[in-house]
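This report refers to the structure that appears directly beneath it.
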Amino acid sequence: MNEEILLIIVLILLAYFIARSFMIEEKIRLLRENIVNMHRSEEKEKIQIRKRKRYVVFHVISNQPLIRVEEINSILSNALRSCGGELLIGECRPQVVYFSSRRSRGILRTYHDCYEKVIACLSTVRCQGDRKILIIPVKTTGTLKKARWYLFDKNLAR
Amino acid sequence: MDSYVCPASREELASLLKLQRRMGYKYVGLCVESGLWNKDIDVLARSLSIKVILARLLCADRPGEAKKLLREKGEAELIIGRPGSIEAYRFMSRDSRFKIIEVSPSMIKHIDRGEAGLLTIGGGYLGFDLKRIINSPSNISVLKAFFSRVFKWSIPFKLYSSATNVFEVWHPKHVYFLAKSMGFQGRKALEGLSPVGMVNQLYSGGRDE
């Protein structure tokens, strides 16, 4: 009689431990799934944080010849600083990636959500010290390859 | 159309016309006071297929003064009024000879729906001189107030450069992006660069776009 009771108790304990191990396995599986989902959402956020770029092809008319990219960069940064302040420079991070002094044309890189503000600020720039300057936006593109094509386009009224 | 340019010399005017044609302008209002209009410029304008209209800017602080100026100097094709007071503005907006009534930064706050409605009597346009922004970029706020009024009450409006050299010319894209950055529709802002209709067309309601 005692042996039967002991067997039943052992069986119950065995069943309890088996059930618990299953439960722990399930919990581990859920935890793993959660961790995978967390990683996926982080990747998604990373994709959203990465902004799309815009390339603005511009034409420069000046009474003194412009030769170096640094000159244009300093003119642009001064113009944006006076118009929109440091906040706009930090947000848009405009940078001249190419400038041809022969064609007086260049390519400016900025982001898709603020290229309009950058062009609006550039429209107010008409002088830089003794130098008179007029910056005309020719075309805005999404790739540098396409922007290069518009460097050779003579049409200003596009 | 750039309704008002006032270059200092013939060379400046020639280069200005060439640049404006490249930018897509088909009409240019040349100030009468410059006295630069001659046959050479006419030939150049024809070769560029750009139409030059003689324009005159009349500044008046009082209605009587505006009336006197109109009698003396009102022979130009396009007369732009620059009122110094709200009374002068009311007179100019009712008079059909004034095609464009310029709004100064101090005047913009006085333009309400009633004042804007007076323009329908004279058939003129509300004007903004873009040179103000070049002289002082803080005047962008005035342009924003101007745009908000003209778009809200559907007032016909014109934008012009008052350029004295090529560096003061405004490309249509400048105007477009300036309006877009302010939160307005860029295409609507470009209506300010469309040609000014002549007197008869204004009365009939059909403007030369």
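This structure is a prediction, so every number in the text was calculated from the model and none was measured. Quick note on labels: first sequence line is chain A, next is B, and so on, each numbered from 1.
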* Structure fact -> Those residues of residues 176-189 of chain B that come under 4.5 Å of chain A on a heavy-atom basis, listed by number, are Phe177(B), Leu178(B), Lys180(B), Ser181(B)

* To do: Compare all side-chain heavy atoms of Ile53(B) with those of Met1(B) and state whether any distance is below 4.5 angstrom.
  => yes

* Ring-face cation contact, Phe167(B) with Lys132(A), 6.0 Å cut, 45° max -> no

* Take Arg131(A) and Glu71(A) through the test salt bridge (charged side-chain N to carboxylate O under 4.0 Å, His left out) and record every step on the way to the result. => CA-CA 11 Å; Arg131(A) 178 181 281 149; Glu71(A) 280 180 305; 3.4 Å; yes

* To do: Could you look at Ile140(B) and say if it's the side chain, the backbone, both or neither that has a heavy atom under 4.5 Å from chain A?
  => side chain

* Asked: Residues two or more places apart in sequence or in another chain: which of them pass side-chain hydrogen bond (donor to acceptor under 3.5 Å, both in side chains) with Ser104(B)?
  -> Ser106(B)

* With respect to chain B, which residue among Cys114(A), Ala120(A), Cys83(A) yields the maximal number of heavy-atom pairs within a distance under 4.5 Å? -> Ala120(A)

* **Which residues share a side-chain hydrogen bond (donor to acceptor under 3.5 Å, both in side chains) with Arg90(B), sequence neighbours left out** => Glu115(B)

* Asked: Would you call the rings of Phe147(B) and Phe151(B) parallel, tilted or perpendicular if under 30° counts as parallel and over 60° as perpendicular?
  -> parallel

* To do: Taking side-chain hydrogen bond (donor to acceptor under 3.5 Å, both in side chains) as the test, write out the residues that go with Asn139(B), two or more places apart.
  => none

* **Residue among Val125(A), Ile133(A), Leu122(A), Thr124(A) with most heavy-atom pairs under 4.5 Å to chain B** => Ile133(A)

* Please state whether the side chain, the backbone, both or neither of Ser82(A) comes within less than 4.5 Å of a heavy atom of chain B. => neither

